[in-house]
There are 2 protein chains.
Amino acid sequence: MPSNRAPTRIQKKNRAAILEAALDVFSAQGFRGATLDQIASAAGLSKPNLLYYFPSKEAIHQAVLARLLDTWLDPLRAIDPDGDPLEEILAYVRRKLQMSRDYPRESRLFANEIVQGAPRIEPVLSRDLKSLVDEKTTLIETWMRQGRIAQVHPYHLVFSIWSLTQHYADFDVQIRAVLGDEDPFDAAPAFIDTLYRRLLAP
Amino acid sequence: MPSNRAPTRIQKKNRAAILEAALDVFSAQGFRGATLDQIASAAGLSKPNLLYYFPSKEAIHQAVLARLLDTWLDPLRAIDPDGDPLEEILAYVRRKLQMSRDYPRESRLFANEIVQGAPRIEPVLSRDLKSLVDEKTTLIETWMRQGRIAQVHPYHLVFSIWSLTQHYADFDVQIRAVLGDEDPFDAAPAFIDTLYRRLLAP
DNA sequence: CGTGAGTTTGACCGTTTGGTCAAATCAAAG
DNA sequence: CTTTGATTTGACCAAACGGTCAAACTCACG
């Protein structure tokens, strides 16, 4: 096990390679579907060497998940109470959609976890996620009461944004199977933009 | 192995119990996460007895998936070309949402499969699913050209319906973590109804 | 009640998998 | 160059897992 002193050059490089490889494998196969051999080989290391840097498969998974959760909520946090309501929400939608395009593995890793009951992250959801969503829905409700956007159920509004945007990463194969050659991300932004403009127009 | 004659009373009962148990386990754990012991015990059988009725884990999974796919597209098929456009689409949305409420395990099984790249059902998607969606989007485009509903990208309209409705089954734990005690299905139907009315109003 | 087909199971097997360990190799500082 | 700690690996282990098999048991029917 690496000492708990300042990480060496090699430690930094290998830890990063492992997390990258683990994201690849876990997002594509799920926790139980992934094997240490797959991750090790994807990271260019031997299996015992893998376990020199992380004590267990569980620990690797948690590290990957922790890094993901840390940035996953940034787009929601960035909604500005002082901005224009409709534009703030539309900007949030665009950021989320862009994350589906740019970080599909992260989205699928998260989806895998939730679909299977979120055994390892439920506490984070009902604490950090809930309080953040509570805060933002309160803001949205204020905007609605002021008549600056239309009145709809604020929580379900947020759920709809999550589902619409993440769907393009999580259900990618299904969408491509139906669309054929067309790139989903050509028309999706305009469609979703229109959808929320019509839903929220005061 | 059961003979290929007409199934006996016991065969019918046990096959049904196995498929029911397998749906439970596969939808909650994914294919690799599920074990034959779990399925056998959930079905009230021993593992060798399980394998007396199905030749392999693979075969059980395929049987469950086949039964699912058979009914999964019924709501979409039921869209009536001679009905009122907006009401037909809203009825489709309602049927899909009801399926999320009544058959969450089926939805999650499907989600598990798709998120992990749909290795076993990709052919079905790009054949059966694609041709059905092609047919219905053509119909929807006709309605749009006639000015009976607003013009939006018909494929993304369908994707949005899938994502919004299935989200309530697939991401159930996340939604409940955020909502607390409130039942998601109390407000979801009205929210989604409003969303599509505003999106599609001519 | 006897009989043959249908059903169930305990014991077992080979493979995969997460994980260990001692020994070997490498890197950096004096 | 030497030393010391960091890194790497081949060999190995125990548990879990999918699957097999022969023997035992049960059921329906004449």
Side-chain angles (χ1 to χ4, degrees), chain A residues 1-65 109 112-113 116 119-120, chain B residues 1-65 112 116 119-120:
Chain A
M1 193 160 44
S3 69
N4 39 15
R5 298 223 291 260
T8 69
R9 168 183 63 88
I10 295 179
Q11 274 172 39
K12 274 192 232 170
K13 190 193 66 174
N14 282 347
R15 271 187 209 274
I18 291 170
L19 290 180
E20 167 69 19
L23 175 59
D24 231 59
V25 176
F26 280 136
S27 67
Q29 320 257 40
F31 180 76
R32 296 244 358 212
T35 72
L36 289 180
D37 282 302
Q38 283 177 313
I39 297 173
S41 130
L45 301 173
S46 67
K47 186 171 66 169
N49 204 6
L50 237 203
L51 292 165
Y52 171 70
Y53 291 98
F54 289 88
S56 67
K57 182 183 180 183
E58 204 34 73
I60 300 175
H61 190 247
Q62 279 182 351
V64 175
L65 222 46
L109 177 67
N112 257 307
E113 197 62 15
Q116 299 191 5
R120 305 164 229 274
Chain B
M1 193 162 42
S3 70
N4 38 16
R5 297 223 290 260
T8 69
R9 168 183 63 88
I10 295 178
Q11 274 173 38
K12 274 193 233 172
K13 190 193 67 175
N14 282 347
R15 271 185 209 275
I18 291 169
L19 289 180
E20 167 69 19
L23 174 60
D24 230 58
V25 177
F26 280 134
S27 68
Q29 319 258 35
F31 180 76
R32 297 242 359 210
T35 71
L36 288 180
D37 283 302
Q38 283 177 311
I39 298 173
S41 129
L45 301 173
S46 66
K47 185 170 63 168
N49 204 6
L50 237 203
L51 292 165
Y52 171 71
Y53 290 99
F54 288 89
S56 68
K57 181 183 180 182
E58 198 47 62
I60 300 176
H61 189 248
Q62 279 181 351
V64 176
L65 222 45
N112 257 307
Q116 299 192 4
R120 304 163 231 273

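All chains are named by letter (A, B, ...) in the order of the sequence lines, taking the proteins before the strands, and each is independently numbered beginning at 1.
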What's touching nucleotides 26-30 of chain C from the protein side, N or O pairs under 3.5 Å?
residue	atom	partner	partner atom	Å
C/dA28	OP1	A/Arg9	NH2	3.0

### Within residues 21-46 of chain A: residues closer than 4.0 Å to DNA chain D (heavy atoms)
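Listed by number, they are A/Arg32, A/Ser46.
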#### Entry: Heavy-atom donor-acceptor pair, B/Lys47 side-chain to D/dG18 base, under 3.5 Å
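Side chain to base: pair found, below 3.5 Å.
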### Query
At what distance, to the nearest 0.5 angstrom, does CG of A/Leu36 lie from OG of A/Ser56?
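Reported value, rounded in 0.5 Å steps: 8.5 Å.
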When you get a sec, tell me which of [options] is the closest nucleotide to the side chain of [X]?
X       : options               : value
B/Asn14 : C/dT8, D/dG19, C/dG18 : C/dT8
A/Gln11 : C/dT8, C/dG19, D/dT7  : D/dT7
A/Pro48 : C/dT20, C/dT9, C/dG6  : C/dT20

### Query
Should B/Asn49 be listed as having a side-chain N or O under 4.0 Å from OP1 or OP2 of C/dT7?
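Looking at the OP1 and OP2 atoms of C/dT7, neither is under 4.0 Å from any side-chain N or O of B/Asn49.
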### Task
Using a cut-off of strictly less than 4.0 Å, decide whether A/Tyr52 has a side-chain nitrogen or oxygen near OP1 or OP2 of D/dT8.
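No, A/Tyr52 has no side-chain N/O under 4.0 Å of OP1/OP2 on D/dT8.
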### Message
For a quick test of reading the model, state the closest non-hydrogen atom pair linking A/Val64 to A/Ala22 and the distance between them.
### Response
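Minimum heavy-atom separation between A/Val64 and A/Ala22: CG2-CB, 3.7 Å.
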Nearest-Å distance, [atom1] ([X]) to [atom2] ([N])?
X       : N      : atom1 : atom2 : value
A/Glu58 : C/dT17 : CD    : P     : 17 Å
A/Lys12 : D/dA6  : NZ    : C1'   : 16 Å
B/Lys57 : D/dA16 : NZ    : P     : 15 Å

### Task
Give a yes/no verdict on a cation-pi contact between A/Arg15 and A/Phe54, requiring under 6.0 Å between NZ or CZ and the six-membered ring centre and an angle within 45° of the axis.
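Relative to the ring axis of A/Phe54, which defines the angle, A/Arg15 lies inside both limits.
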### Query
Would you say the side chains of B/Asn112 and B/Gln29 form a donor-acceptor pair under 3.5 Å?
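On atom types as modelled, these side chains do not qualify, holding no pair under 3.5 Å.
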